[in-house]
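Please read all numbers here as calculations on a predicted model, not as lab measurements.
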There are 2 protein chains.
Amino acid sequence: MNDDVIKIVLVDDEVLFRKGISFLLEKEENIEVLFEASNGEELISNLNNHETKPDIVIMDLKMPVLNGVETTKVIRKFFPDIKIIALTSYDTKSFVANMIQIGAVAYLVKNTTPKDLVNTINEVAKKGFFYNETTLKTIQDYVLPSKNSRVNNLESGFLSPREIEILQLICNQKTTAEIAEELFLSPRTVEGHRNNLLLKTESRNIAGLVVYAIQNEIALLTL
Amino acid sequence: MNDDVIKIVLVDDEVLFRKGISFLLEKEENIEVLFEASNGEELISNLNNHETKPDIVIMDLKMPVLNGVETTKVIRKFFPDIKIIALTSYDTKSFVANMIQIGAVAYLVKNTTPKDLVNTINEVAKKGFFYNETTLKTIQDYVLPSKNSRVNNLESGFLSPREIEILQLICNQKTTAEIAEELFLSPRTVEGHRNNLLLKTESRNIAGLVVYAIQNEIALLTL
DNA sequence: GCAAAAACAGGTATAAATACTTACATTCAA
DNA sequence: TTGAATGTAAGTATTTATACCTGTTTTTGC
């Protein structure tokens, strides 16, 4: 796959963005855009139907139906040969680290140049991964061993499924009592989870949690 | 300016998106992209320096430094001949209405096709404006006269400068007491504003306020 | 099977937000 | 100049959230 044409698939819910990138990439001689998808589910069913698999998937993280994180996990499992370049608007530390851990081989902020994008694609095709300086720094921050694993894990910011579930309900303006009722839990349990969320996301209050959730694409902004 | 080439300027903080659209548009024979800008301030200083003015500015609403709403106001004042097409990721009712009221001649969600974009540009160049069905419906909802102006204004969701200021501080995880101190106000006053914010945005709590703020580009997600 | 996480749940406090109300001064446009 | 909107501030009460603590059970990875 080195000297060959690099086969790309684009996944992003914004048509304009997708088409734009598509045109940009097709100007490159060694890059071919196989197809596009507007969310993770579409991507996966397309992958199952297409004979030729892409070398690289360029994927937005904030998408409806099946988001970038979940989609990446699925791809890693069922199509381990496909490289994933994560593309997003924001770059929260914990999220970069999270994506890398899940298996993205490159991480790009949308506010990047076409040149960088093409360069990243070529590097990924050649070496299998490509991390720019910012990403490398973030990785360093996280990979560094720490004295206390518990504290570190609290600081690292990864959320458990339950925590994510509760965070989403918080973003939906639910109170602790309502969340408890909805999930058949004690309010105290919900309080505990919320407290952990505050610690993990380093937030002071609900406002911080919501901002974090949206920044990290845990809560979608779509109505 | 009817049969002539349509001169366009793109304003968006995401380089990739900008370049993508740029390529898309330059494939059209009757469209020329004069220049690009990454935020409102850059756009305005560019407008001042360029001899040839654009016919249309395509503007993202969520931008750092000077956002789309403020930029639109400035353009309407100093370059009234330039048409503005608003482009955004989300389409909250109050925001669409707000932009139209400010003077945008078209409103496009980013999740639209290149064809629609080109079509909108051509229509705007020809007729001076172009509203799609969704936008028209939103306008209808707002233009309809109402029995009670006070209630209507509360429902319409437009926020006063003071309210926006306080909303931003809320998004920064500030408590009522802290906001009061920072703005040299009584905590009760801040409570009053916050209460009005809850009413105007139809939110139940802080979480709702934060979501609203981000959806309506009042609070930026950039760190 | 062991160790570590995660999920669960309670106690005791205080701090903060929310729900109602009212009132007055200023600013701004019709 | 009158009404409307805004900004200011307060009373009273209740509900939520936050900050500490402690513990058990269940799940998961190695």
(message) Please check this pair: side chain of A:K83 against backbone of A:D55, looking for a donor-acceptor N/O pair closer than 3.5 Å.
(response)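 Checking the backbone N and O of A:D55 against the side chain of A:K83, no donor-acceptor pair under 3.5 Å is found.
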
(request) Can you check each nucleotide of nucleotides 8-21 of chain C against protein heavy atoms at under 4.0 Å and return B for base, S for sugar-phosphate only, - for none, in 5' to 3' order? (result) BBBBB----SBS--

(request) Measure across A:R162 and A:E165 and return the closest heavy-atom pair with its distance rounded to 0.1 Å. (result)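 Shortest heavy-atom separation between A:R162 and A:E165 comes out as NH1-OE1, 3.0 Å.
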
(request) Round to a whole Å and report the spacing from CG of A:L197 to P of D:dT16. (result)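 Going from A:L197 (CG) to D:dT16 (P), I get 19 Å.
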
(message) Taking the cut-offs as 6.0 angstrom to the six-membered ring centre and 45 degrees off its axis, would you call B:K110 and B:F17 a cation-pi pair?
(response)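 Cation-pi check for B:K110 and B:F17: passes.
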
(request) Using a strict cut-off of less than 4.0 Å between a Lys/Arg side-chain nitrogen and an Asp/Glu carboxylate oxygen, indicate whether B:E181 and B:K174 qualify as a salt bridge. (result)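 Looking at B:K174 together with B:E181, the answer is no, because their closest N to O distance does not fall below 4.0 Å.
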
(message) Consider side-chain contact (heavy atoms from CB on, under 4.5 Å). Of A:L117, A:L108, A:V11, which one does A:I58 pass it with?
(response)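 With A:I58 as partner, side-chain contact (heavy atoms from CB on, under 4.5 Å) holds for just one option, A:L117.
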
